[in-house]
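Just so it is clear, the values below take in all heavy atoms, side chains as well, and ignore hydrogens, waters and symmetry mates. Source: prediction; values computed, not measured.
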Amino acid sequence: QVQLVEAGGGSVQAGGSLRLSCVVSGYIYDSKWVAWFRQGAGEEREGVAAIVRDGDTTYADSVKGRFTISRDTAKNTLYLQMNTLKPEDTAMYYCACSRWTAVAPPLRLRTTTYDYWGQGTEVTVSS
């Protein structure tokens, strides 16, 4: 059974930082695309960042230069380092795993590319 468990969310003031983690179990994802998504209240879920084993990454324009996605395959853990947080970053953050080792760039931040999802961790950024 595949399980993804996120942690690290919380409340922070604008300009602050948080580091999210996602532990994956029951699935060998080391060569697959994995990603972080977020969903604000009343909004659609949107892709934030994605990564594959060779280090190839994709970021949403809204987080480029502020967020960094990384993975530790030995620990089966995915990370999202979030710096210079803004109130508009407030959302529930989800990690996701796909079945694909190769994904065209336009598809890397689409929800339909990913098959397994965590339950989410909440991030609140106050001004």
Side-chain angles (χ1 to χ4, degrees):
Q1 182 178 0
V2 181
Q3 284 192 315
L4 289 74
V5 180
E6 301 97 335
S11 296
V12 64
Q13 289 193 325
S17 299
L18 284 173
R19 188 192 195 201
L20 306 184
S21 63
C22 171
V23 178
V24 181
S25 60
Y27 185 65
I28 301 174
Y29 75 102
D30 59 326
S31 61
K32 311 297 195 300
W33 277 90
V34 290
W36 287 95
F37 287 76
R38 66 185 181 187
Q39 187 167 17
E43 299 178 356
E44 292 186 357
R45 192 169 297 188
E46 64 173 357
V48 174
I51 190 170
V52 73
R53 182 173 63 178
D54 65 4
D56 193 4
T57 56
T58 297
Y59 292 92
D61 288 342
S62 59
V63 306
K64 280 181 182 176
R66 300 189 298 122
F67 291 11
T68 302
I69 188 171
S70 62
R71 59 195 297 171
D72 186 331
T73 304
K75 295 182 178 179
N76 291 332
T77 303
L78 180 68
Y79 300 98
L80 185 68
Q81 177 67 44
M82 305 187 296
N83 297 328
T84 318
L85 282 161
K86 304 175 180 180
E88 51 264 43
D89 294 319
T90 295
M92 186 72 79
Y93 283 71
Y94 301 89
C95 63
C97 291
S98 76
R99 292 173 290 158
W100 314 110
T101 59
V103 177
L107 303 179
R108 292 173 186 171
L109 296 180
R110 290 194 183 176
T111 57
T112 51
T113 297
Y114 297 86
D115 305 284
Y116 305 105
W117 294 84
Q119 293 300 305
T121 184
E122 191 163 7
V123 172
T124 302
V125 184
S126 58
S127 58

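Other residues, nucleotides and ligands contribute over 12 non-hydrogen atoms within 6.0 Å of the CD atom of Glu88.
By the criterion of side-chain heavy atoms lying less than 4.5 angstrom apart, applied directly or through intervening Ile, Leu, Val, Met, Phe, Trp or Tyr residues, Leu4 is grouped together with Val123 in one hydrophobic cluster. Linking ILVMFWY side-chain heavy atoms closer than 4.5 Å, directly or via other members, places Tyr116 and Leu109 in two distinct hydrophobic clusters. Tyr79 and Val48 are assigned to two separate hydrophobic clusters, defined by single-linkage of ILVMFWY side chains at heavy-atom distances under 4.5 Å. Neither Val5 nor Leu80 shares a network with the other; the hydrophobic side chains, linked directly or stepwise wherever heavy atoms of I, L, V, M, F, W or Y lie under 4.5 Å apart, form separate groups for each. A continuous path of hydrophobic side-chain contacts links Ile51 to Tyr93 [ILVMFWY only; heavy atoms under 4.5 Å].
Salt-bridge annotation for Lys86 and Asp89: absent, with no side-chain N of the basic residue lying under 4.0 Å from a carboxylate O of the acidic one.
Contact record, Gly47 with Ala60: O-CB, 3.5 Å, taken as the closest heavy-atom pair. Nearest approach of Ala35 to Leu78, heavy atoms of both residues: O-CD2, 3.7 Å.
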Could you list the donor-acceptor pairs under 3.5 angstrom formed by side chains in residues 9-28, with sequence neighbours left out?
unit_1 : atom_1 : unit_2 : atom_2 : d
Ser17  : OG     : Asn83  : OD1    : 2.9
Tyr27  : OH     : Ser98  : O      : 2.9

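Remark: Met82 CE to Ile69 CD1 distance equals 12.0 Å, nearest 0.5 Å. Once rounded to the nearest 0.5 Å, the distance linking NZ of Lys64 with OG1 of Thr57 reads 9.5 Å. Here the CG-OG1 distance, from Asp115 to Thr113, works out to 8.5 Å after rounding to the nearest 0.5 Å. The structure places CZ of Arg45 at 13.0 Å from CZ of Arg38, a figure rounded to the nearest 0.5 Å. Atom CD of Glu46 and atom OG1 of Thr111 lie 11.5 Å apart (nearest 0.5 Å).
Distance alone, capped at 3.5 Å, is enough to place a donor-acceptor pair between the Thr90 side chain and the Val125 backbone. Between the Glu6 side chain and the Gly120 main chain, a donor and an acceptor come within less than 3.5 Å of each other.
If you chain together ILVMFWY residues whose side-chain heavy atoms come under 4.5 Å of each other, Trp100 ends up grouped with Trp33, Phe37, Val52, Met92, Tyr94, Val103, Leu107, Tyr114, Trp117.
Checked against salt bridge (Lys or Arg N to Asp or Glu O under 4.0 Å), Arg110 has no partners two or more places apart in sequence or in another chain.
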